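Note that these values count all heavy atoms, side chains included, but never hydrogens, waters or copies made by symmetry. Remember, predicted model here, so these are calculated numbers, not experimental data.
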Amino acid sequence: MSFPKTIDADGRRIAPWQLALRYVLLLVMLLVMIGPFVWQLSTSLKGMHEDIYSSPPKFLPSEPTLDNFGRVAEIIPVWDYAFNSLKVASANVITNCVGAALAGYALARMRYRGRRAATLAFILAMLVPVEGIIIAQFTTMRDLGLNNTLLGVLLPGSIGAMNVLLMRNAFLNLPQEVEEAAFVDGANTWQRFLRIALPSVKGTLAVVAIFAFMGAWDDFLWPLIVLSDPENFTLTIGLNYLHGTFAQDPRLVAAGTVIAVVPLIVLFACLQRYFFRGVGEGAVKG
């Protein structure tokens, strides 16, 4: 029995045992990555009378139920917390996409004194740990009167240094000749940016949007420090209170975890086509 020939991206033939090894490694990585979430999902669907500590553990619930999700909403205002997180994350996506696109275009295409120093500043900003500047951020928000507000949660992460560098690299990959032709035709800087450069980097914009949403949605430390009013709590803080008060019932904790993860899955499902296209950003369609 002969197996069909398989070649890699460079045109070299892949032996059957090498192909099988790659698939085994991919399956192992898949289990490592999604295994904890699938287990949490299974736990959230188990009823009150079902043993979740059985040995050997039972993966599939014998009587699946959605009661745990309803109980989470009865114990804490989970939907209000989720709405607060959604407001912060959505605003974070807008500010990062707009700010990173403008800054990235300026670093990649515009000619001015100090451009390299500005690029170096963004690179160095990525090396500074959040814990090292969090006290300065807190005092700044306090002086501005933004403590205990969602705006105070948003501002420190409104434009990320990594997102700016991602957009800069995407703009650098665009052929310079296209913009030069537009300049000859009379297009100004804003027209070249909005009509030529920006539509060509939709993939990288999707990457920035996903990173910005995930960063704001999953952030725990900064909202915990800046917020004190329960009405302004984000979902991560609310779920922490759930875990601390009802730690004896992991079903509720698992249900809250699933509620927090679902929006991220939906966002990635909607933007995955642009996300994977962002790897080869810079091509110009003829």
inquiry  = Measuring from atom CG of L224 to atom CG of N240, what distance do you get when rounded to the nearest 0.5 angstrom?
reply    = 7.0 Å
task = Please determine which of N96, I123, L107 meets the side-chain contact (heavy atoms from CB on, under 4.5 Å) test together with V164.
result = L107
key: L155 CG to L146 CG distance, which is reported to the nearest 0.5 Å   = 6.0 Å
ask   = Can you tell me if R192 uses its side chain to pair, donor with acceptor, with the backbone of A197 under 3.5 Å?
value = no
Hphob cluster co-occupancy, L120 + L127, side-chain heavy atoms under 4.5 angstrom = yes
inquiry  = What I'd like to find out is whether the side chain of N148 reaches to under 4.5 Å of the side chain of V226, using heavy atoms alone.
reply    = no
query = So which heavy atom on A108 is nearest to which on F171, and how close?
reply = CB-CB, 3.7 Å
query = Are any of the side-chain heavy atoms of L264 and D218 separated by less than 4.5 Å?
reply = yes
inquiry  = To check you understand the geometry: which heavy-atom pair defines the closest contact between A73 and V78, and what is its length?
reply    = CA-CG1, 3.7 Å
remark   = Rounded to the nearest 0.5 Å, the CZ atom of R168 sits from the CG atom of L165 at a distance of 7.0 Å
message = Treating N232 as the side-chain partner and L227 as the backbone partner, does any N or O pair qualify as donor plus acceptor under 3.5 Å?
response = no
key: Side-chain (T236) to main-chain (D219) donor-acceptor, under 3.5 angstrom   = yes
request  = Using the rule that two of Ile, Leu, Val, Met, Phe, Trp, Tyr join whenever any of their side-chain heavy atoms come within less than 4.5 Å, decide whether V266 and M214 are in one cluster.
outcome  = yes
task = Treating Ile, Leu, Val, Met, Phe, Trp and Tyr as nodes and any side-chain heavy-atom pair under 4.5 angstrom as an edge, say whether F83 and I75 lie in one connected cluster.
result = no
request  = With the side chain counted from C-beta on, respond yes when M167 and T204 share a heavy-atom pair under 4.5 Å apart, and no when they do not.
outcome  = yes
request  = Identify the two heavy atoms, one from F69 and one from S44, that lie closest to each other, and give their separation to 0.1 Å.
outcome  = CZ-OG, 3.6 Å
key: Side-chain touch T257/F37, heavy atoms, less than 4.5 angstrom   = no
message = Could you work out, with salt bridge (Lys or Arg N to Asp or Glu O under 4.0 Å) as the rule, every residue matching R115, not counting sequence neighbours?
response = none
inquiry  = Run the side chain to side chain donor-acceptor pair (under 3.5 Å) test against E179 and tell me which residues pass, sequence neighbours left out.
reply    = Y105, R109
task = Nearest 0.5 Å please: distance from the OG atom of S200 over to the CG atom of N173.
result = 11.5 Å
key: Whether W222 side chain and G152 backbone form a donor-acceptor pair below 3.5 Å   = yes
message = Quick check: closest heavy atoms across P36 and V32, and the distance to 0.1 Å?
response = CD-O, 3.5 Å
inquiry  = Are K46 and S42 packed together at the side-chain level, in the sense that at least one heavy-atom pair is separated by less than 4.5 angstrom?
reply    = yes
ask   = Quick one: hydrophobic cluster around M29, which other residues, with the 4.5 Å side-chain cut-off, linked directly or via members?
value = none
key: L26 CG to L21 CG distance, which is reported to the nearest 0.5 Å   = 9.5 Å
task = For residues A212 and N92, report the shortest heavy-atom separation together with the two atoms involved.
result = O-ND2, 2.9 Å
ask   = Are any side-chain N or O atoms of R251 and backbone N or O atoms of G47, one a donor and one an acceptor, separated by less than 3.5 Å?
value = yes
ask   = If only atom types and distance count, is the side chain of T43 paired as donor or acceptor with the main-chain N or O of W39 below 3.5 Å?
value = yes
ask   = What distance separates L194 CG from T189 OG1, expressed to the nearest 0.5 Å?
value = 10.5 Å
task = Determine whether N84 and L235 make a side-chain contact, defined as any pair of heavy atoms from C-beta on separated by less than 4.5 Å.
result = no
message = I'd like to check T95 versus V98 (side-chain heavy atoms, cut-off strictly below 4.5 Å). Are they in contact?
response = no
query = Are F193 and N188 side-chain neighbours, meaning at least one heavy-atom pair lies under 4.5 Å?
reply = no
